[in-house]
Trainee: 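The structure that follows is given in the form of structure tokens.
Residue numbering restarts at 1 for every chain, and letters A, B, ... go by the order of the sequence lines.
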Protein chains: 2
Amino acid sequence: MSEDLPPWEKAREEFVAQWGSLGTQWGINRTMAMIHALLMTSPRPMNTDEVMERLQISRGNAHTNLKELVSWNLVRMAPKKGERREYFEAEKDIWKIFVTISRERKRREIEPAIQLLRDCALRTRDEPNGPGRDFHQQMRDLEEFLSFGVKVADTVVSMKHASALQWAMRLLG
Amino acid sequence: MSEDLPPWEKAREEFVAQWGSLGTQWGINRTMAMIHALLMTSPRPMNTDEVMERLQISRGNAHTNLKELVSWNLVRMAPKKGERREYFEAEKDIWKIFVTISRERKRREIEPAIQLLRDCALRTRDEPNGPGRDFHQQMRDLEEFLSFGVKVADTVVSMKHASALQWAMRLLG
DNA sequence: TCATATTTTCAATTAAAACTGAAAATTCCG
DNA sequence: CGGAATTTTCAGTTTTAATTGAAAATATGA
């Protein structure tokens, strides 16, 4: 499978495999993380068959996860002139990747949580005292923290890489 | 199961259940997230049997996930005088929760990734040009970004809540 | 020490998620 | 229109993760 690869490709294989394992800890499915790693380190766009071949996975699996990556805006389709089938390429700029992932996680994970906390706070707003009141306050505190975090993240994410860097450097001392 | 609860407890049940679902998206197992939600909103420490009863789960499951939460430092044991069995309580301060989760995720998820990237960069440091060189550079860029992120996070996390707030406010305008 | 309360472990089971492969649908072009 | 190339779907299967429940281990204190 990997007997005649140039030396850097060996390191790449290691990277792809390990990135897959790490991904599972982040709640990302292994194949999706591996395809992402593969495309991030690919010198040129790849098509579905190349991905299947390289990772030894089925067409359905490759297809599903490629589309999932596209829906995360981490991968885009790269049409090739005179080629009918679809080629895919990943964003390689780490700042852009960071911005994209932040946006998606906010939308998919943080905002629903904020919604839940608001709902729970609302439902207990008339609790006069005791545990009910504490619960209400806890919901508000959590909601406030997440909302504030979102604001900070929005600000950072809207910056250019260089500005964000400069700003962070100032924080560091 | 929940027919005679005071009104705020209804909201709490909703919170616990939903927090469990949200947890799965974060790669956290549902039961662990639910126990955490339950303890975060508990007026007092709870023992294993109370958790089992409340969430309708087995002893083994309750035990495993309580210990896992303790290992994350999100829950601590709260010995009760004159009581032999163990009581558990969760940290309720959102800033402390944030700091704890940041530390743990760094240790468990970011640092292994940095290690992998360093390793891959090292293995390709002699690549002269072309794709091998690009791969090497990509590994270094990713590593640098994560390491820098860790530094920023370390700084923020070492601050008092009020200082962090003040600092973030300045960023927001 | 012995009986009892409690915690811990773990083999077996169940549930959830991921994956396959082939059929169906779609697209493209002569 | 055909029909070949390609993408998409999805029922069935496999793999992985979570959960149960009871036995084993440990702690307590009479």
Trainee: Which label fits B:Phe135 and A:Phe15: parallel for a plane angle under 30°, tilted from 30 to 60°, or perpendicular past 60°?
Mentor: perpendicular
Trainee: For every nucleotide of nucleotides 21-30 of chain D, 5' to 3': is a protein heavy atom under 4.0 Å from its base (B), only from its sugar-phosphate (S), or from neither (-)?
Mentor: B-----BS--
Trainee: Check whether any side-chain N or O of A:Glu127 sits under 3.5 Å from a backbone N or O of A:Asn129 as a donor-acceptor pair, and report yes or no.
Mentor: no
Trainee: Between D:dT19 atom P and B:Asn29 atom CG, what is the distance in whole Å?
Mentor: 5 Å
Trainee: Rounded to whole Å, how long is the line connecting atom CH2 of B:Trp26 with atom C1' of D:dA17?
Mentor: 21 Å
Trainee: Nearest-Å distance, CG (A:Asn47) to P (D:dT7)?
Mentor: 7 Å
Trainee: Think B:Arg108 forms a cation-pi with B:Trp72, using NZ or CZ under 6.0 Å from the six-ring centre and within 45 degrees of its axis?
Mentor: yes
Trainee: Rounding to a whole Å, what distance do you find between A:Ile35:CD1 and C:dC19:P?
Mentor: 9 Å
Trainee: Please confirm whether the backbone N or O of A:Pro45 pairs with a side-chain atom of A:Lys80, one donor and one acceptor, at under 3.5 Å?
Mentor: no
Trainee: Without decimals, in angstroms, what is the distance between A:Met34 CE and C:dA18 C1'?
Mentor: 13 Å
Trainee: Using a strict 4.0 Å threshold on nitrogen-to-oxygen distance, state whether A:Arg107 and A:Glu104 make a salt bridge.
Mentor: yes
Trainee: Quick one: does NZ or CZ of B:Arg30 land under 6.0 Å from the six-membered ring centre of B:Trp19, within 45 degrees of the ring axis?
Mentor: no
Trainee: How are the rings of B:His161 and A:Phe145 set relative to one another: parallel (under 30°), tilted (30 to 60°) or perpendicular (over 60°)?
Mentor: perpendicular
Trainee: Examine A:Met169 and A:Val152 and state if one hydrophobic cluster contains both, with Ile, Leu, Val, Met, Phe, Trp and Tyr joined whenever side-chain heavy atoms are less than 4.5 Å apart.
Mentor: yes
Trainee: Could you list all the salt bridge (Lys or Arg N to Asp or Glu O under 4.0 Å) pairs where at least one residue sits in residues 134-162 of chain A, not counting sequence neighbours?
Mentor: A:Lys106-A:Asp154, A:Arg118-A:Glu143
Trainee: Measure from CE on B:Met52 to C1' on C:dT6 and round the result to the nearest Å.
Mentor: 12 Å
Trainee: Ignoring backbone atoms, test whether A:Thr48 places a side-chain nitrogen or oxygen under 4.0 Å from the OP1 or OP2 oxygen of D:dT6.
Mentor: no
Trainee: How close or far is atom P of D:dA18 from atom CE of B:Met32, stated in whole angstroms?
Mentor: 10 Å
Trainee: Near DNA chain D, counting only heavy atoms under 4.0 Å, which residues of residues 63-75 of chain B show up?
Mentor: none
Trainee: Between P on C:dT27 and CD on A:Glu86, what's the gap in Å once rounded to a whole number?
Mentor: 11 Å
